[in-house]
Amino acid sequence: MLELEHLTKRFDAILAVDQISLTVPAGEILALVGPNGAGKTTTVRMLSAILKPTAGKARVAGYDTVTQASDVRCNVGLLTESPGLYMRMSGREYLDFFGEIRGLSVSKRGERIHDLADWFHMSESLDRRLGEYSRGMKQKIALVRALLHEPPVLLLDEPTSTLDPMGARLVRDTILQLRDGQRAIVICTHNLPEAEELADRIAIIRRGRIVELGTPAELKTRLLGFPLLEVRFAPSAANGAAAVVSQFASVEGASTGWVHYRAEQPEQVNPLILRALLEADMPVISLQEVPRSLESVYLRVVAEGM
Ligand code: ATP
């Protein structure tokens, strides 16, 4: 659905995007994360046919972003960090105007505007002027605009940055539903828990280049090592537990009531460990992975380049 081949953008002396190659199939959310100025917005602007690449190319929904720019625009829903809203128009007039540009009939526009405004709890604000909207309301109306023509590709730059917690939850749930509806979705975000929750794959961009790409689990294993697991027992039963666990995995720490170990293939090792502990009369209270955040991965990758 999205194919980038050595996509590059130079602004005079600044190489903003440096030979990015990747694909995003339908039904996948890719998160672009990276420091300020890394090239995320420039990438999205090239994918939405607003900016021409200096070199390389991109196809969006099968269309070339340079030679078939208007087809690309019809197939993309774009939410930018600072959407150009016409402040004297009402929300309804603005959405109707964009629906018409995207080729929707009068009745289809009315139906979509009604349904989306209802979904995002905006119905009561639709007839107010955009100039009177709060920042969060502006972001939601820009998102409604991006979704109006039901595009197969969504490019969402900081989709929840100005929203209150309930609004952000609603937008995140909507993005997941759209993914399940077989959209290809790219989000740019500095909100790493959000990236981790939403994204099937994460691309970490630094100085215009993708320096890491993978699922959150792959990135954690690659940069932080194999999963760390914690087994807990009743304190009275734990004597010698570390010795039992160490027959199957590498023990990283132990104290009264718990043992930490690392396992390359937990699905194979954990049942063996549990059985051995039970046979040694050490009843297990719980066994779980010690949570590791995407933030630790990100900080490691980004700090490396400082
Ligand atoms: P942020 O997280 O701050 O939004 P970003 O990753 O989206 O950053 P970009 O906006 O893509 O970064 O900027 C990448 C680089 O390109 C920066 O050095 C920026 O100054 C430069 N740049 C972006 N747009 C232009 C422009 N129109 N003219 C000149 N330089 C630009």
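Remember, it's a predicted structure, so these values are computed and weren't measured experimentally. As the structure lists them, so they are numbered: ligands from 1, and atoms in each ligand from 1.
Side chain to side chain, Thr41 and Asp157 meet the donor-acceptor criterion of an N or O pair below 3.5 Å. When only modelled atom types and interatomic distance are considered, Tyr133 and Arg128 share no side-chain donor-acceptor pair under 3.5 Å. With 3.5 Å as the limit, one finds no donor-acceptor pair spanning the side chains of His260 and Glu252.
Within 4.0 Å of ligand 1, the residues that place a heavy atom are Phe11, Ile14, Ala16, Pro35, Asn36, Gly37, Ala38, Gly39, Lys40, Thr41, Thr42, Glu81, His190, listed by chain and number.
Applying the side chain to side chain contact (heavy atoms under 4.5 Å, CB included) test between Asp96 and each of Ile101, Ile113, Val106 identifies Ile113 as the sole match.
Ion pair Glu196/Lys220 flagged as a salt bridge, since at least one NZ, NE, NH1 or NH2 atom sits closer than 4.0 Å to an Asp/Glu carboxylate oxygen. Residues Glu111 and Arg109 are not paired through a salt bridge, judged by the lack of any N-O separation under 4.0 Å between the basic side chain and the carboxylate.
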